[in-house]
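Here's the structure we're looking at; comments come further down.
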Amino acid sequence: MRVSHVDHPLVAHKLSVLRDESTNSPVFRQLTEELVTLLAYEATRNVRVHEVEVTTPVATTTGTGLDKPTPLVVPILRAGLGMLEGMTRLVPTAEVGFLGMARNEQTLEAVTYAERLPDDLTGRQVFVLDPMLATGGTLREAINFLFARGAEDVTCICLLAAPEGLAALEEKLRDNDRVTIVLASIDEKLDENGYIVPGLGDAGDRLYGVVD
Ligand SMILES: O=P(O)(O)OC[C@H]1O[C@H](OP(=O)(O)OP(=O)(O)O)[C@H](O)[C@@H]1O
Ligand SMILES: O=c1cc[nH]c(=O)[nH]1
Ligand SMILES: [Mg+2]
């Protein structure tokens, strides 16, 4: 497993505004999309491409095309949905599949409540979107699910990670060089309720409102 921490002043600035408890939902959504576009630039560094011939008004030259099948983007509902537009802005030809997962806030176990993905992911490059990597349970389940369907490699784009969750994923996936985690910040710790500290609170609630 490879971890790529995107160290860029614009990412740090946007993230600081996102964390602020006084940032309202419309601004939070806008910043989430802007951040994802910046992270996606790094996350797609190894997207598979091939040479194409391009005829410009002046000459014929060699260019770059995206391989088929195109990348599959998988936002993890709810909070990952707030990252979808930022990702597809950068890779408009990507296909999109959905995983609905919620953490039981007592046991911190991830439960999958919805799935809409191709049955066969053989050879696909998959980009998972989820802003928060807390205990790592949600991403672990999602990654296992995608490899079980045949995914070639899985790149997860997150905004924040807790060191405990990253370490837990590392332990499970240490020898798996087909997994990459791209993130904007590794925060200080998890609190006793499994929340990232200093974090930004509940990403899904801040994007879409509080649910029971
Ligand atoms: O690393 P973990 O400990 O598994 O926690 C991270 C998960 O928790 C949040 O989802 P949540 O369950 O709050 O669902 P929501 O997106 O619908 O709010 C977050 O968006 C991640 O999916
Ligand atoms: O800090 C956290 C942890 C899990 N999920 C969130 O939305 N925030
Ligand atoms: Mg939530």
Side-chain angles (χ1 to χ4, degrees), residues 1 3 5 14-25 27-29 31-33 35-36 39-40 43 73-87 96-117 126-147 154-173 176 179-212:
M1 176 177 126
V3 178
H5 178 188
K14 289 178 195 294
L15 195 55
S16 302
V17 183
L18 199 73
R19 289 182 191 277
D20 191 326
E21 64 179 4
S22 69
T23 297
N24 64 21
S25 192
V27 175
F28 193 96
R29 285 188 209 148
L31 284 167
T32 299
E33 288 185 4
L35 275 161
V36 173
L39 298 181
V73 175
V74 180
I76 298 187
L77 311 183
R78 272 179 314 165
L81 203 53
M83 302 168 79
L84 181 58
E85 184 102 1
M87 182 70 188
V96 182
F98 296 89
L99 267 180
M101 301 179 78
R103 202 170 71 148
N104 177 316
E105 292 298 334
Q106 266 71 54
T107 63
L108 302 184
E109 290 289 315
V111 175
T112 303
Y113 61 83
E115 172 265 304
R116 193 83 167 120
L117 288 165
V126 182
F127 293 87
V128 173
L129 308 177
D130 193 339
M132 311 302 275
L133 193 173
T135 65
T138 302
L139 274 190
R140 188 185 66 235
E141 294 282 315
I143 291 167
N144 287 343
F145 187 93
L146 294 163
F147 280 132
V154 178
T155 301
C156 305
I157 304 181
C158 305
L159 299 182
L160 304 186
E164 296 90 332
L166 264 187
L169 268 187
E170 282 268 7
E171 196 179 315
K172 298 272 179 219
L173 299 167
N176 191 334
V179 176
T180 304
I181 314 283
V182 176
L183 40 81
S185 171
I186 301 173
D187 275 15
E188 197 183 312
K189 61 173 185 178
L190 280 182
D191 72 9
E192 59 283 4
N193 300 314
Y195 272 74
I196 299 174
V197 180
L200 50 74
D202 187 296
D205 288 355
R206 294 201 63 189
L207 283 162
Y208 300 119
V210 179
V211 288
D212 294 332

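Note that ligands are numbered from 1 as they come in the structure, with each ligand's atoms numbered from 1 the same way. Please read all numbers here as calculations on a predicted model, not as lab measurements. Side chains are part of it too, since the values below use all heavy atoms of this structure and drop only hydrogens, waters and symmetry mates.
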*asked:* Can you tell me how far apart CG (Leu18) and OG (Ser185) are? Round to the nearest 0.5 Å.
replied: 11.0 Å
_Protein heavy atom at shortest distance from atom 10 (O) of ligand 1_ = Met101 O, 4.8 Å
*What protein heavy atom sits nearest atom 18 (O) of ligand 1, and how far away is it?*
Arg78 NH2, 2.9 Å
*Any N or O on Tyr113 sitting closer than 3.5 Å to an N or O of ligand 1?*
no
*Ignoring hydrogens and angles, tell me if any N or O in the side chain of His5 forms a donor-acceptor pair with the backbone of Val182 under 3.5 Å.*
no
_Give the atom numbers and elements of ligand 1 that come within less than 4.0 Å of a heavy atom of Met132._
6 (C), 19 (C), 21 (C)
*Closest approach of Val36 and Met87, non-hydrogen atoms and distance?*
CG1-N, 3.8 Å
*asked:* Are Leu139 and Ile76 packed together at the side-chain level, in the sense that at least one heavy-atom pair is separated by less than 4.5 angstrom?
replied: yes
*Taking atom 21 (C) of ligand 1 as the point of reference, which of Thr135, Leu169, Asp130 owns the nearest heavy atom?*
Asp130
*Would you indicate whether the side-chain heavy atoms of Asp202 and Arg78 approach each other to under 4.5 Å?*
yes
*Supply the atom-to-atom distance Asp20 CG to Phe28 CZ, rounded to the nearest 0.5 angstrom.*
11.0 Å
*CZ/Arg29 to CG/Asn24 distance, rounded to the nearest 0.5 angstrom?*
9.5 Å
*Shortest non-hydrogen contact from Val3 to Glu170?*
CG2-OE2, 3.9 Å
*Looking at Leu190 and Glu164, what are the two nearest heavy atoms and their distance?*
N-OE2, 3.1 Å
*Can you find a non-hydrogen atom of Gly136 under 4.0 Å from ligand 1?*
yes
_Sphere of radius 2.8 Å around the Mg ion (ligand 3) - protein N, O or S atoms inside_ = Asp202 OD1, Asp202 OD2
_Atoms of ligand 1, numbered as shown, that sit under 4.0 Å from any heavy atom of Ala79_ = 16 (O), 20 (O)
*Are any of the heavy atoms in Leu108 under 4.0 Å away from ligand 1?*
no
*Taking all atoms of both residues into account, what is the closest heavy-atom pair of Ala110 and Met101, and its distance?*
CB-CE, 4.2 Å
_Counting non-hydrogen protein atoms only, what is the nearest one to atom 4 (O) of ligand 1? Give residue, atom name and distance._
Thr138 OG1, 2.5 Å
*Answer side chain, backbone, both or neither: which part of Ala110 comes under 4.0 Å from ligand 1, heavy atoms only.*
neither
_If we count only non-hydrogen protein atoms and require a distance under 4.0 Å, does atom 7 (C) of ligand 1 qualify as touching the protein?_
yes
*Is there at least one protein heavy-atom neighbour under 4.0 Å from atom 16 (O) of ligand 1?*
yes
*Under a 4.0 Å heavy-atom cut-off, which residues neighbour ligand 2?*
Arg103, Met132, Ala134, Gly194, Tyr195, Ile196, Gly201, Asp202, Ala203
*Taking all non-hydrogen atoms of both residues, which atom of Val211 and which atom of Asp205 are closest, and how far apart?*
N-OD1, 3.7 Å
*asked:* Please list, in number order, the atoms of ligand 1 under 4.0 Å from a heavy atom of Gly204.
replied: 18 (O)
*Atom pair CD1/CG of Ile181 and Leu183 - distance to nearest 0.5 Å*: 7.5 Å
*Without swapping roles, check the side chain of Arg206 against the backbone of Thr23 for a donor-acceptor pair under 3.5 Å.*
yes
*How long is the gap from CE on Met1 to CD1 on Ile143, to the nearest 0.5 Å?*
7.5 Å
*For Asp202, take its heavy atoms, then give the atoms of ligand 1 lying under 4.0 Å from any of them.*
13 (O), 18 (O)
_Gap between atom CG of Leu200 and atom CG of Leu159 - 0.5 Å precision_ = 7.0 Å
*Which heavy-atom pair separates Pro75 from Gly97 by the least distance, and what is that distance?*
CD-O, 3.0 Å
*Please determine if Arg103 forms a cation-pi arrangement with Tyr195, meaning its NZ or CZ atom is less than 6.0 Å from the six-membered ring centre and no more than 45° off the ring axis.*
yes
*List the closest protein heavy-atom neighbour of atom 11 (P) of ligand 1: residue, atom name, distance to the nearest 0.1 Å.*
Arg103 N, 4.2 Å
*At the 4.0 Å heavy-atom cut-off, does Ala102 count as touching ligand 1?*
yes
